[in-house]
Every structure is written in structure tokens, then in C-alpha cells.
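Below is one structure, written out as C-alpha cells; the observations come after it.
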Amino acid sequence: MDEKYFAKKIEQKWQRKWAESGAFEVEIEPADGRPKFYQLEMLPYPSGNLHMGHVRNYSAGDALAWYKRLRGFNVLHPIGWDSFGQPAEDAAVKRGVNPRDWTEENIKVMRGQLERLGLSYDWRRQMYAHTPEYYKFDQWFFLKMFEMGLAYKRLTQVNWCEHDQATLSNEQASGGLCWRCGNPVTKKDLEQWFLKTTAYTDQLLEDMAEIEADWPAHVLKRQSDWIGRSEGAFVDFKIRIATGQLSQLPVGAPEKIRVFTTRIDTIYGANAVVVAAEHPIIAAHRATLSPKVVEKVDLIAAENLKPKERDAEIEKDGIDTGLKVINPFSGEPLPVWVGNYVMMDYGTGAVMSVPAHDERDFEFAKKFGLPIRQVISEPHMEHAHHTMQVLALEQAFTDYGVLVHSDYWNGKTSDDAKVQMTDWAVKHGFGEAATTYRLRDWGISRQRFWGSPIPIVYCDDCGVVPEKFENLPIRLPENAPITGTGESPLAKVPEFYETTCPECHGPAKRETDTMDTFVDSSWYFFRYTDPGNEILPFDPETAAYWTPVDQYIGGDDHAVMHLIYTRFWAKVMRDMGLVTIDEPVKRLLTQGMVVGETFFDDSTGKRVYHLPDNVTVTRDAKGKITGAVSKDGMPLKFGIERMSKSKGNGVDPDEMVEIYGADAARIFVMFAAPIENELVWNEAGIEGAVRFLQRVWRLIFRWQSALASERLADSDVTESLASRKLRQKTHQTIKRVGDSFDSLQFNTPVAALMELSNAVYDIGVEPENANATEVAAVREAVTALTLMLTPFAPHASEELYSVLVGNDNGMLANGARFPEYSEELARADEIEIPVQVNGKLRSRVMAGPETPNEELERMALADEKTREYTDGKEIVKVIVVPKRLVNIVVR
RNA sequence: GCACGCGUGGCCAAAUCGGCAAAGGCACCUGUCUUAGAAACAGGAAAGUGGGAGUUCGAAUCUCCCCGCGUGUACCA
């Protein structure tokens with residue numbers, strides 16, 4: 001054992017040993033019957049560099065993987081690559097590189113970074129989304145879903161960047177601006193393939209019950225908000241045809257307008273039906289509508305295509321179309337308006353406007369001077385409302401209440417009325433109960449090269465024809481003209497798209513769009529269980545052993561994307577008989593972002609980041625930035641943003657590993673903040689992590705020979721107080737650390753281990769002079785310390801463990817286990833019971849841990865110091881908290 | 001606007017159920033060793049928990065109001 005801790009030396013040693021022995025390679029059903037544990041972290045996109053967010057994510061996952069191994073589980077801990085995606089194409093456009101070469105080079109670099117961190121993966125199981133062996137099964141799933149009616153094609157509006165001529169996902173169009181060029185995003189009609197996520201809305205909601213306890217509440221809340229289930233009713237408003245003017249209704253035009261409402265109880269307050277500019281009724285009547293109306297409708301429709309400002313409140317706009325409908329409840333004729341606040345893609349694209357009881361309708365009515373009629377009353381106001389015809393409302397009354405001015409329904413509560421009025425509508429054939437959702441089907445078509453080709457063929461004779469399973473994979477060509485103009489590069493590669501029809505074998509064309517890369521990540525962790533399977537995505541039995549994932553860790557930015565898609569995918573796989581589980585992930589941990597200070601200039605409309613080193617920063621007393629000036633004297637804006645290379649606020653994990661070692665870097669990242677918090681990067685603390693490791697190292701070095709010499713327990717030697725206290729601390733720490741892991745806390749166990757190491761130093765005996773019980777206590781403490789440190793600092797721990805056991809086969813080969821906690825030993829022989837008088841601490845008494853309450857009370861009352869405060873006073877009552885404290889209330 | 005979350009030494013943070021005089025680390029100060037050190041060791045100083053009110057024998061912890069910060073979301077009928 002070296003006198004000093006040399007991180008690099010031992011890290012290289014153990015990384016080599018782990019690799020050689022295949023320490024983390026696992027198989028199903030080991031002979032010893034250990035239970036399985038599937039530890040998973042979100043797979044990285046191979047951008048070329050690991051960032052601190054990855055280090056945080058993977059350090060936490062690795063800690064749990066080690067913890068579970070030491071707890072005797074058969075732990076599957078894999079890693080792979082989300083290696084399809086746009087950055088590879090950007091690199092192709094910018095630098096003319098081949099996306100595949102670029103991607104694979106990045107993977108090589110990043111794998112090296114992961115290995116230098118000493119992460120305990122079963123590397124044999126790596127998956128790469130961009131290999132035909134993997135994306136073959138994206139296509140396989142697509143075909144299966146096509147068979148099941150879960151994949152279909154339709155025309156839709158997609159986010160579109162005019163400048164780049166590119167389709168954008170919602171994220172890439174976030175804030176209404178294109179993430180690449182900063183120009184506003186518009187909408188564009190495009191034919192897209194969809195996966196029918198909406199077929200699973202209710203299951204996605206209901207199955208949350210299964211995972212509720214072990215998923216962060218905010219993730220599930222965001223998912224249910226996203227799904228946006230809303231219960232209400234459809235109500236049909238008939239178009240009124242003026243007498244003798246039947247011909248006014250254009251041929252084929254709908255006879256009624258169906259609205260969706262959650263508040264059918266307010267229907268007597270409707271003053272209009274408002275439809276979206278894109279509503280079919282408008283198109284049907286376009287020829288007869290006044291030019292003014294048509295102009296307005298077109299204007300609103302055009303506005304709808306434009307990007308929305310992030311925070312801008314859009315002013316209500318609209319126009320009376322001149323059409324009339326009949327309120328089916330009251331028989332009252334109502335005007336049909338077009339309103340810019342009604343969206344075609346939610347509900348039916350038409351609403352009944354009830355200004356008295358809906359804020360938007362209220363605002364609309366105010367602006368256009370439409371009547372506002374209150375039909376729901378606060379219960380205590382009911383009488384007043386019946387007698388007074390009109391009450392001027394200051395704002396919409398949106399609460400439930402009692403119906404007024406609603407004919408037959410007067411006096412009913414909103415709750416009752418909703419049910420009964422819906423029934424009435426059903427009975428009279430003009431409505432029905434309805435549930436609508438905000439969730440849409442998942443549009444997966446991308447006009448990109450670097451993705452899995454959609455296995456569909458278009459034949460002039462047979463139409464849309466799915467590829468045959470035996471023809472998979474449909475391989476990407478080696479090269480395609482990637483120009484970044486937003487047209488499918490594959491559409492310019494005749495060798496790719498020219499094919500024959502799988503049905504009639506006549507000439508046909510392939511689909512040239514590729515799949516959204518979220519398809520790859522929807523099922524990748526099932527592939528890990530059986531990565532070499534050529535027939536199926538994975539063997540169902542193999543997957544049944546390993547899945548569901550026991551613990552998943554990743555950023556919560558995926559809450560409504562990846563995490564909802566993968567839940568959807570699991571249900572589809574269940575329905576196709578591949579799996580039997582409803583939920584793919586048992587327990588989820590979302591870690592906070594690692595962020596750093598950024599400095600930028602956005603005067604040109606685009607953010608230009610400046611490296612922190614080149615910025616002069618002024619700070620207030622608390623260290624908050626108050627100003628920043630660039631090298632050439634230009635004032636800069638500043639913020640705290642996710643770390644990344646391009647913003648110049650990144651920290652290179654390799655550099656940290658080089659300077660401090662992987663173990664120290666990992667300890668620091670785990671210790672710096674609770675895992676779910678945002679971590680504002682501040683490197684100051686990392687020295688502490690190194691120092692801690694050095695302390696542990698020196699500790700074992702100092703005690704090494706004393707521990708090795710089997711100083712037998714001399715029966716004469718009674719256990720010293722020092723060793724008793726150390727054992728107590730050791731066992732308390734074992735409990736704390738174990739509990740922390742179980743509750744997914746990583747910062748507190750590190751603190752506990754620091755305390756334990758301090759406690760060993762504090763034993764107050766030199767190794768040479770220690771008696772047998774003290775040596776035993778130290779041995780127990782440092783062994784436990786080493787084992788418990790393993791999840792955070794596996795290299796150093798392996799090395800220290802090898803010193804303690806006298807071989808360097810490694811912990812797993814030695815069958816090492818997480819130390820066992822003994823309640824007996826953790827318990828203090830005597831505990832200090834604080835004694836309060838009127839809630840203020842006045843004294844302490846010593847008592848055995850099992851002292852009954854009555855005895856504690858007696859001791860407290862008898863205590864001298866306490867009596868100074870109680871003598872001569874009336875004791876009102878005494879509160880004894882078992883094993884904790886005594887409080888005497890006096891008057 | 002709405003929803004959710006957070007506010008504890010200079011900084012990061014800990015504190016099952018409400019229960020001691022509020023952990024640990026970083027930074028800081030002093031001393032020892034001393035060739036010196038940002039090393040190591042020993043020791044020290046430092047917060048009554050954003051503000052106010054309430055509940056309670058007892059509040060960082062529960063309730064209400066206010067202030068500040070963060071995240072998500074936005075005309076979803």
C-alpha cells in the first residue's frame with residue numbers, strides 16, 4: 001500500500017481489472033438465485049463530449065448499481081447510444097463529414113470518458129440506435145403498429161422554419177423561435193406518419209396509479225396535464241334556415257355545429273357560438289359570407305399560422321359571420337361568430353360562448369358588445385337573481401352554483417344540472433356526454449437523413465404498402481446529399497427510393513422520411529436485455545426476467561416526451577404480446593440540471609456567448625452577478641443556464657478526472673447538492689472530496705499493520721469507552737447510509753461517511769497502543785467505511801478493500817456485502833434526555849435507552865438544575881417524549 | 001394569469017412523527033510541524049431557520065398573510 005493516495009494509479013488498475021474479469025457482466029438466473037435489479041440511466045446523445053449533467057446522472061446510477069450489487073442483487077446496468085439525430089446532420093452540412101463517421105467517432109471519445117469515470121456497465125450490451133441491427137426493429141415495431149391500426153398517415157400542420165426550410169419538433173420550436181437560426185417558427189401543412197398515442201390516453205392516466213408512489217409527483221402531474229383529459233358534453237346547435245330560403249344552405253354543408261363544453265349547465269347563458277377560423281362550417285358557407293367576414297376569417301387563419309410570442313397576451317378578435325344557430329335548450333337563435341381564441345384542433349373547434357361564466361367569453365363579449373347573461377348564481381344570491389333581471393358582472397363567475405334564468409332547470413345545482421342536462425340532450429338527440437383530451441397522436445415523420453427509414457412503399461397500383469418483415473432492415477444509403485434545406489435527403493437518392501412493390505412487384509417508391517429519434521429511445525432498454533437478437537427486438541422471456549426497470553434516472557425535461565412515449569410503447573408491446581407489464585419503469589428519479597454562469601450579447605437578435613474567462617464580472621456582497629463586460633468593453637447580459645460547451649460555461653469531465661481523479665469527481669458531484677436540485681457549478685468544493693479520500697486512505701494506512709496483526713481479544717480487556725463509541729457510530733452510519741440509498745439521497749450518505757471517518761480519527765488511541773477491542777472496532781469501522789464508500793468512489797474503495805482482505809480479486813469476486821446494521825450496537829448505552837421547563841432547555845439527565853416514561857419524568861423532576869426552575873411553581877403537566885425529551889409545564 | 005416547488009452561517013447544504021443548545025463540506029481564522037506551503041494535524045469563529053401572525057407544552061418542520069426566487073404551462077372551452 002502506498003503511503004499516499006494516487007488516484008490515477010489505482011483507477012487505471014481497477015478499470016483494467018474490472019474489464020479483464022468482466023466484473024459487471026451479468027446473465028439471467030445465476031445459480032445462487034440472487035434477485036435481479038435493473039438499474040438504468042437515460043442514454044446519452046453522442047454529441048462528442050460528456051458534460052457534467054451526464055457525470056451527475058451516471059454517478060448516481062452507478063452508485064445505486066454498486067449499492068444493489070453489495071446488497072446481493074444480480075444487477076443489470078447497461079449503457080447505449082441515442083445515436084440518430086440532427087446534430088450529426090448539422091455537422092454534415094457545416095463540415096461535410098459523414099454523419100455515421102461523425103457519430104461513431106463521438107461514441108468512441110465518449111465511451112473513453114465513461115470508462116475513465118469507472119462506471120460499472122455491462123459493456124457487452126451496448127446498443128446504438130444508428131446501426132441497422134437496431135433500427136431494423138424500429139421498423140419492425142412500425143410495421144406491427146401499422147398492422148394493429150396504430151400507425152397511419154395524414155395531412156397536418158407541422159412547425160416549420162422558413163429560413164432553414166426545416167421541420168421542427170416542439171422543442172426545437174420552443175418559444176416560437178427556430179433553435180438554429182432564431183427566426184420565427186410558422187406552421188406548414190405536411191403529410192405525416194402518426195402513431196396513435198391517443199388510443200392509450202386512459203391507460204396512460206389510469207396506470208399512473210401503479211407507479212404513483214415511486215415516480216416524482218411533478219412528472220406525473222405534467223403527464224396528466226399533457227394528456228389533459230376533460231369531461232363534458234357535445235351539444236349540437238342547428239343552423240337556422242330562414243323561412244323560404246332553404247337554398248341558402250349550400251349543398252353538402254353541415255346542418256349543425258357541434259360544440260364541446262364542460263359546462264352544459266351554463267347553456268342558457270350562451271350568447272353565441274364561436275368557431276375557429278378553420279372550422280368546416282366557414283369553408284362551407286364561404287361563398288355566401290360577406291367579403292368583410294371572409295377577409296377577417298382569412299386574417300385570423302393567417303395569424304394562427306404565425307409564431308406566438310412567448311408571453312404576449314393575444315387580443316381577442318373575431319367577427320359575426322351572419323349565420324345563425326338555435327340553442328337546443330332554449331330555442332333561442334344565436335349568432336355564429338369566428339373567434340381567434342377558438343382552436344380548431346381541440347374539442348370540436350367550436351364553443352358556445354357564455355360570457356357570464358367563462359373568462360374568455362366574457363372578454364370577447366365585452367369587446368364586441370355582446371349580451372352577458374348570468375345563469376349561475378351563488379347559492380345565497382339565488383333569490384336576488386330571479387327578481388332582478390340584469391346584474392352587471394364585473395368579471396366572469398366561473399364557480400359552480402345554482403341555475404337561474406334557465407327555465408325548467410332553475411334551482412338545480414351545477415353538478416346535478418350537468419348530468420341531467422346531458423341526459424336530456426341525449427334523449428332529444430342533440431348531444432352526448434364526451435371526454436376530450438389534449439394529447440395528440442405522435443407525429444413521427446422527419447424530413448431527415450439520420451434516422452430510421454419508415455418501411456412503407458408507395459405503389460401506383462396497390463397504394464400504401466407496408467414492407468415485408470423479411471425485407472427489414474430498410475437500410476440507409478451510405479451517402480445522401482445533406483443540405484439542411486429541410487427536404488428529405490433520401491428523396492434525392494434514387495438507389496434508395498426506387499424499389500418494387502412488395503405486393504405486385506411492380507415499380508414503386510419508398511417513403512423517404514425517417515422516424516423521430518424518440519422512437520429509438522422508447523424501447524431501447526428492452527434491447528439491452530437481449531442485444532444480439534436478430535429475429536425479434538428482444539426475447540420476451542429474457543425481457544420478462546429483467547424488466548421492468550427497477551430504477552431509472554434522468555432529467556425531468558423528458559417528463560412529457562420520452563417518459564410518456566416509453567410508457568405508450570410498453571403498452572403497445574404488451575398488446576402485441578411481447579411483454580406482460582403495463583409500466584416499463586417502476587421507480588423514477590429525476591436529477592436536476594447542472595448549470596453555470598453564462599455571458600452573452602443578444603443585441604443582434606441572436607445570442608453570442610462569451611467565455612467566462614474573457615468577461616469582467618462585478619458581483620454584490622452575496623456573490624450575485626450585478627454586471628458583466630466583455631474584453632472589448634461591451635456590456636453583456638448574463639444568466640445561469642445548463643452547462644454546455646457552446647455557452648462556454650461547461651466543465652470538461654476529463655479535465656476534472658485528470659486533476660482530481662474519477663472518484664473525487666464523483667464524490668463531489670454526489671455531495672454538492674441533493675440530486676433532484678439544480679446544481680450551480682462551483683468547483684471550490686472538489687478539493688474537499690479529494691481531501692476526504694486522502695483522509696480515508698491515510699487512516700487505513702496508519703492502522704494497516706495494527707489491523708493485520710491478529711491481536712486476539714484478551715478476555716481481560718474490557719471494551720474501552722472509545723471503542724464502544726466508535727462501534728456505535730459505525731452502526732449508526734450503516735443505518736443512515738443504507739436508508740439514504742433506499743430513499744435515493746446521495747449527498748447525505750457522503751456526509752455520514754465523512755463523519756464516520758472523523759470518528760475513527762477521534763478514537764484517541766494510537767494504533768500501536770490500541771487494545772484488542774479498539775483494533776476490532778477500528779477494523780469494523782474502516783471495513784464498513786470502505787464498503788459504504790464503494791458506490792461513490794469504487795476505485796479507491798476496491799484498493800482499500802484489497803488491503804483489508806489481503807487480496808486484490810475485487811469486492812464482487814470476494815463476495816463482499818454491504819455492512820449489516822446492528823440495532824443493538826447502534827443504540828447508545830445511555831442517552832442524554834434534555835429536560836425543558838416551559839419549552840426551554842434547562843437541564844439534561846442521563847438514562848438508559850429503555851427507561852420507562854414514568855422513570856424519565858421522575859428523574860427530570862428530581863433533577864437539581866430543573867428544580868431551580870420548578871420549585872415554588874405549580875406543575876401543570878409533564879410531557880415525556882419516549883427516548884427524546886421531557887418538558888415540564890409550570891405556572 | 002394559473003399550477004407546483006423553494007427560502008437555514010459568507011457559499012453548498014443536514015435535521016423520520018413537530019421534540020436537545022440547528023449535522024457535514026467549502027471558504028475563513030489561530031496554532032503545531034516547520035524550508036516554506038494552497039500540504040497534514042490540532043483547535044476556533046460563524047446561522048435561531050425570508051418577514052409577520054397563528055396553532056402547540058414545544059415550530060426550520062403545521063396553518064394563514066406578505067416578500068423574494070425558481071420551474072412548468074398558457075386562450076384546452
Side-chain angles (χ1 to χ4, degrees), chain A residues 4 216-219 221-222 225-226 228-230 232-233 259-263 266 274 276 308 310-316 339-343 345-354 357-361 363-364 398 436-439 556-557 559-560 592-593 621-623 640 667-668 671-674 676-689 691-692 694-695 698 736 739-740 743 745 747-758 761 831-844 876-891:
Chain A
K4 281 191 174 166
H218 72 275
V219 171
K221 187 178 181 303
R222 279 187 62 190
D225 286 352
W226 183 259
R229 186 183 156 110
S230 178
V259 306
F260 175 70
T261 179
T262 53
R263 292 297 302 274
T266 66
V274 185
K308 290 181 195 164
R310 193 184 284 269
D311 268 331
E313 215 163 283
I314 301 155
E315 203 186 331
K316 298 273 181 296
N340 66 342
Y341 69 103
V342 179
M343 296 179 303
D345 57 358
Y346 182 79
T348 59
V351 301
M352 61 179 201
S353 167
V354 185
H357 305 292
D358 181 281
E359 280 162 22
R360 294 152 303 184
D361 296 339
E363 202 187 321
F364 194 69
T398 57
T436 63
Y437 300 88
R438 177 204 184 114
L439 182 78
D556 65 1
D557 41 339
V560 295
M593 280 195 296
K622 285 225 160 196
I640 298 210
I667 287 180
F668 173 61
F671 180 56
E676 64 277 7
N677 283 18
E678 187 172 84
L679 171 57
V680 182
W681 190 255
N682 174 2
E683 213 154 316
I686 190 166
E687 306 262 353
R691 217 172 288 161
F692 168 55
Q694 287 168 341
R695 262 171 82 80
R698 271 198 316 274
R736 267 178 79 184
D739 288 352
S740 297
S743 60
Q745 286 177 287
N747 54 331
T748 48
V750 175
L753 293 174
M754 287 174 173
E755 285 180 47
L756 179 58
S757 108
N758 291 344
Y761 273 99
I831 45 179
E832 218 179 32
I833 302 287
V835 180
Q836 299 180 340
V837 178
N838 285 350
K840 292 213 167 65
L841 184 82
R842 295 306 185 192
S843 180
R844 293 161 184 287
V876 183
K877 66 170 155 178
V878 180
I879 291 126
V880 182
V881 184
K883 299 180 192 184
R884 296 214 101 131
L885 62 60
V886 179
N887 187 17
I888 302 162
V889 186
V890 298
R891 190 155 47 200

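- Residue Tyr761(A) places its side chain closer to C41(B) than to any other of C41(B), G19(B), G24(B).
- No contact: Gly228(A) has no heavy atom under 4.0 Å from any strand.
- The phosphate of U16(B) has neither OP1 nor OP2 within less than 4.0 Å of any side-chain N or O from Arg736(A).
- You'll find that the side chain of Lys877(A) is closest to C57(B), out of C20(B), C75(B), C57(B).
- Between U34(B) and C20(B), the two C1' atoms lie 42 Å apart (nearest whole Å).
- At least one side-chain heavy atom of Arg695(A) sits under 4.5 Å from a side-chain heavy atom of Tyr761(A).
- Taking only side-chain nitrogens and oxygens, Ser230(A) comes nearer than 4.0 Å to OP1 or OP2 of A77(B).
- Computed from coordinates, the Arg263(A) CZ to A77(B) C1' distance equals 11 Å when rounded to whole Å.
- The listed nucleotides are A21(B), A77(B), G72(B); the one nearest the side chain of Leu841(A) is A21(B).
- Within 3.5 Å, no donor on the side chain of Arg691(A) pairs with an acceptor on the base of A38(B), nor the reverse.
- Counting heavy atoms from C-beta on, the side chains of Arg736(A) and Glu755(A) come closer than 4.5 Å.
- Of the candidate nucleotides A14(B), C41(B), C75(B), C41(B) has the atom nearest to the side chain of Arg695(A).
- Counting only heavy atoms from C-beta outward, the side chains of Asp358(A) and Thr398(A) never approach each other to under 4.5 Å.
- At least one side-chain heavy atom of Ser757(A) sits less than 4.5 Å from a side-chain heavy atom of Phe692(A).
- The residue Arg438(A) sits close to a base: some heavy atom pair falls under 4.0 Å.
- When heavy atoms are screened at a 4.0 angstrom cut-off, Asn747(A) is found touching the sugar-phosphate backbone but no base atom.
- Note that CZ of Arg263(A) is 11.5 Å distant from CG of Asp361(A), once rounded to the nearest 0.5 Å.
- With P as the reference atom, C62(B) and C6(B) are 9 Å apart, rounded to whole Å.
- Within the 4.0 angstrom heavy-atom criterion, no nucleotide atom of any strand lies near Asp361(A).
- C20(B) makes up no base pair with any nucleotide shown, lacking Watson-Crick or G-U wobble contacts both under 3.5 Å.
- Stacking of Arg438(A) on the aromatic ring of Tyr346(A) is not recorded, the 6.0 Å distance cut-off and the 45° axial limit not both being met.
- Counting to the nearest Å, the P atom of A14(B) and the CG atom of Leu753(A) are 16 Å from each other.
- Note: CD (Glu755(A)) to P (G25(B)) measures 8 Å, nearest angstrom.
- Note on Arg842(A): every side-chain N or O is 4.0 Å or more away from OP1 and OP2 of G58(B).
- Going from atom OH of Tyr437(A) over to atom OG of Ser230(A) covers 10.0 Å, rounded to the nearest 0.5 Å.
- Closest non-hydrogen pair, Phe260(A) versus Gly347(A), comes out as CB-CA, 4.3 Å.
- Using a 4.0 Å heavy-atom cutoff across all strands shown, Glu676(A) reaches no nucleic acid atom at all.
- In this structure G1(B) sits in a base pair with U73(B), meeting the Watson-Crick or G-U test at under 3.5 Å.
- Gln745(A) has no side-chain polar atom (N or O) that falls below the 4.0 Å cut-off from OP1 or OP2 of G24(B).
- Both tests pass for Lys316(A) against the ring of Tyr341(A): distance under 6.0 Å to the centre and angle within 45° of the axis.
- Here U71(B) presents its P atom at 7 Å from CE of Met593(A), a figure rounded to the nearest Å.
- For Arg698(A), a side-chain nitrogen or oxygen approaches OP1 or OP2 of C41(B) to under 4.0 Å.
- Across the protein-nucleic acid pair, Asp225(A) atom CG and G72(B) atom P stand 14 Å apart, rounded to whole Å.
- Distance check on atom P: A36(B) versus A13(B) gives 39 Å, rounded to whole Å.
- Nucleotide U8(B) holds its P atom 12 Å from the CG atom of Asn677(A), rounded to whole Å.
- Each of Met754(A) and Arg844(A) has a nearest nucleotide on RNA chain B; the 5'-most of these lies closest to Arg844(A).
- Nucleotides A47(B) and A23(B) have their P atoms positioned 12 Å apart, rounded to a whole Å.
- Counting any heavy atom pair closer than 4.0 Å across all strands shown, Val342(A) reaches a base atom.
- Using N1 to N3 plus N6-O4 or O6-N4 for Watson-Crick, or N1-O2 and O6-N3 for G-U wobble, each under 3.5 Å, U35(B) pairs with nothing.
- Using a 4.5 Å heavy-atom cutoff, the side chains of Val890(A) and Val837(A) are in contact.
- In the set C20(B), G19(B), C75(B), the nucleotide with an atom closest to the side chain of Val881(A) is G19(B).
- Pair assignment for C64(B): G52(B), on the basis of Watson-Crick or G-U wobble contacts that are both within less than 3.5 Å.
- Taking side-chain N and O atoms only, Asn758(A) has a distance below 4.0 Å to OP1 or OP2 of G25(B).
- Across every strand in view, G43(B) sits in a pair with C29(B) that passes the Watson-Crick or G-U test at under 3.5 angstrom.
- The residue among Ser843(A) and Gly347(A) whose nearest nucleotide of RNA chain B is located toward the 5' end is Ser843(A).
- Spacing between C28(B) and G70(B) at atom P, rounded to whole Å, works out to 30 Å.
- Syn is the conformation of C17(B), whose glycosidic angle sits no further than 90° from 0.
- Interface residues of residues 883-891 of chain A facing RNA chain B, ordered by number: Arg884(A), Leu885(A), Asn887(A), Val889(A); criterion, heavy-atom separation under 4.0 Å.
- The distance from atom CD of Glu315(A) to atom P of C75(B) is 16 Å, rounded to the nearest whole Å.
- Leu679(A) has its CG atom 13 Å from the C1' atom of C11(B), to the nearest Å.
- Taking atom P on both nucleotides, U55(B) is separated from U61(B) by 15 Å, rounded to a whole Å.
- Of all nucleotides present, none satisfies the Watson-Crick or G-U wobble test against A59(B) with each distance under 3.5 Å.
- A3(B) sits 29 Å from A15(B) when the P atoms are compared, rounded to a whole Å.
- At least one side-chain heavy atom of Val886(A) sits under 4.5 Å from a side-chain heavy atom of Ile833(A).
- Applying the 90° criterion around 0 to the glycosidic angle, G18(B) comes out anti.
- G54(B) and U71(B) have their C1' atoms separated by 30 Å, given to the nearest Å.
- His357(A) has its side chain within reach of Thr266(A): a pair of non-hydrogen atoms, C-beta onward, lies under 4.5 Å apart.
- Across all strands, Lys221(A) comes closer than 4.0 Å only to sugar-phosphate atoms, never to a base (heavy-atom distances).
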